[in-house]
There are 2 protein chains.
Amino acid sequence: MAKQTHSSAALQQTADLLHSASIRILRRIRRADEATGLSGPRLSALSVVVFRGPLSIGELAAAEQVRPPTISRMIKDLEYEGFVLRRASPDDGRVQLVSATAAGRRLLERGRRRRVQELSALLEVLPQRERQTVRAAAEILLRIAT
Amino acid sequence: MAKQTHSSAALQQTADLLHSASIRILRRIRRADEATGLSGPRLSALSVVVFRGPLSIGELAAAEQVRPPTISRMIKDLEYEGFVLRRASPDDGRVQLVSATAAGRRLLERGRRRRVQELSALLEVLPQRERQTVRAAAEILLRIAT
DNA sequence: GATAATATTTAGCTTAGCTAAGGAATATTT
DNA sequence: AAATATTCCTTAGCTAAGCTAAATATTATC
């Protein structure tokens, strides 16, 4: 019973630590992303288009966990700015298929490089053993957190 | 040289994994936070007020990495809703000191409990060894990521 | 005492989220 | 085959949360 209690308290502490760590990691990354000139939500949407595209507005909205009108407007802007293309689906006239332009791909790749650099710089100061711990944890978390 | 290259590629992979993991963790937490009825930014500001308060609008803005007008408006609303109080500083008539009400503390505590529960539930499925890996990684990251 | 600096607020803009409602295309029912 | 229902997207209009610039009030400095 004492063991149980202790374990649950430890779990809560871990949860707290994980929470804070995640917030700080993403704050770092946001800084790198700003350099691309695209906001977080747009960059995220573009990323889905690049890696999973071509896909419909509805699919993109689902992937971004956002309502279709939000994506509709965002894609309109990204299209105007030349990062994305839209065409009617050949199978279903209601559907708009979104895909990335070469400029969109380039922008995303540049952003990704910056972002990874930022995090790599952070991790670089760690001894090899700690890097491995971080990596192992990231893999574990990706496995359990959909 | 080969070692160098390999290590740098591994670092990038780790950075990528960490990025994805952080996004997913915070997505989970957001869901729990929604149940409090306060948005992320407001909850975050309230949290600073509860744990570091009383403090000035400017200090709060700095803590939240946001401009003073953003906080000024948010605090006005939180005050109206009864979660926060404002009074002039006795030392400096320009500054407004913000502190939490009992209702504010209760709300935050309830939110924190939900959030930790959500994460704990996630971590609970892990064997003890993996939990320790996650915890160790969180501690490492907190140490290096300001 | 006049001027400069600082803290906050107000005003007005943008982006990104939402719901509700409308139009066009497709699917279903009779 | 026609009528009806559903689906996909867009438009319109709202809110929250960020920003800058400018106004106000207080404190600090010369």
Side-chain angles (χ1 to χ4, degrees), chain A residues 23 26-27 30-31 33-49 53-81 83-99, chain B residues 23 26-27 29-31 33-49 52-81 83-99 107 111:
Chain A
I23 286 176
L26 288 187
R27 186 176 293 161
R30 190 160 315 136
R31 216 181 303 156
D33 282 351
E34 275 163 15
T36 64
L38 281 196
S39 68
R42 294 173 106 151
L43 213 47
S44 175
L46 181 58
S47 158
V48 173
V49 172
L55 78 182
S56 74
I57 297 285
E59 287 165 341
L60 186 48
E64 291 297 87
Q65 301 188 280
V66 134
R67 302 290 172 182
T70 300
I71 293 297
S72 180
R73 185 172 35 184
M74 216 149 71
I75 289 300
K76 187 185 71 186
D77 295 345
L78 287 174
E79 185 179 30
Y80 181 75
E81 291 158 20
F83 299 125
V84 123
L85 276 180
R86 216 174 352 182
R87 64 174 198 285
S89 163
D91 304 339
D92 187 334
R94 292 168 300 183
V95 170
Q96 296 283 314
L97 290 177
V98 183
S99 48
Chain B
I23 286 175
L26 288 187
R27 186 176 293 161
I29 285 171
R30 191 159 315 136
R31 215 179 306 155
D33 283 350
E34 276 163 15
T36 62
L38 282 195
S39 67
R42 294 173 106 142
L43 213 47
S44 175
L46 181 59
S47 157
V48 173
V49 172
R52 259 177 269 176
L55 78 181
S56 75
I57 297 286
E59 287 165 341
L60 187 46
E64 290 298 87
Q65 301 189 281
V66 134
R67 302 291 171 180
T70 300
I71 292 297
S72 179
R73 185 172 36 185
M74 214 149 74
I75 288 300
K76 187 186 71 186
D77 294 345
L78 287 174
E79 185 179 29
Y80 181 76
E81 292 158 21
F83 299 125
V84 124
L85 277 180
R86 216 177 349 185
R87 65 172 197 285
S89 163
D91 303 339
D92 185 336
R94 293 169 299 184
V95 329
Q96 296 284 312
L97 290 178
V98 184
S99 49
L107 183 71

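Protein chains get the first letters and strands the later ones, always in sequence-line order, with residue 1 at the start of each.
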Considering all heavy atoms, the nearest [X]-[Y] contact:
X: A/M74; Y: A/A45; value: CE-CB, 3.6 Å
X: A/P90; Y: A/L97; value: CD-CD1, 4.2 Å
X: A/E81; Y: A/L38; value: OE1-CD2, 4.2 Å

Length of the [atom1]-[atom2] vector between [X] and [N], whole Å:
X: A/R87; N: D/dC8; atom1: CZ; atom2: C1'; result: 17 Å
X: A/D77; N: C/dA16; atom1: CG; atom2: C1'; result: 11 Å
X: B/I75; N: C/dA7; atom1: CD1; atom2: C1'; result: 15 Å
X: B/L38; N: D/dT15; atom1: CG; atom2: C1'; result: 15 Å
X: B/L60; N: D/dG18; atom1: CG; atom2: C1'; result: 15 Å
X: A/M74; N: C/dT14; atom1: CE; atom2: P; result: 18 Å
X: A/I57; N: C/dA25; atom1: CD1; atom2: C1'; result: 16 Å
X: A/L43; N: C/dA16; atom1: CG; atom2: P; result: 11 Å

Sorted by number, the residues of residues 64-73 of chain B with heavy-atom contact under 4.0 Å to DNA chain D
B/V66, B/R67, B/P69, B/T70, B/R73
Can any side-chain N or O of A/Q96 pair as donor or acceptor with the backbone N or O of A/R86 at less than 3.5 Å?
no
Determine whether [X] and [Y] make a side-chain contact, defined as any pair of heavy atoms from C-beta on separated by less than 4.5 Å.
X: B/E59; Y: B/R52; result: no
X: B/R87; Y: B/S99; result: yes
X: B/L85; Y: B/P54; result: no

What does the B/S/- profile of nucleotides 24-30 of chain D look like, 5' to 3', with a 4.0 Å heavy-atom cutoff to protein?
--BS---
Check against side chain to side chain contact (heavy atoms under 4.5 Å, CB included), A/L55 and A/V49
CA-CA 7 Å; A/L55 78 182; A/V49 172; 4.3 Å; yes
Test side chain to side chain contact (heavy atoms under 4.5 Å, CB included) on A/D77 and A/R42 and set out the steps.
CA-CA 10 Å; A/D77 295 345; A/R42 294 173 106 151; 3.0 Å; yes
Tell me which nucleotide, if any, is Watson-Crick or G-U wobble paired with C/dT30 when both distances must be under 3.5 Å.
D/dA1
Side-chain N or O of A/R86 closer than 4.0 Å to phosphate OP1/OP2 of D/dC8
no
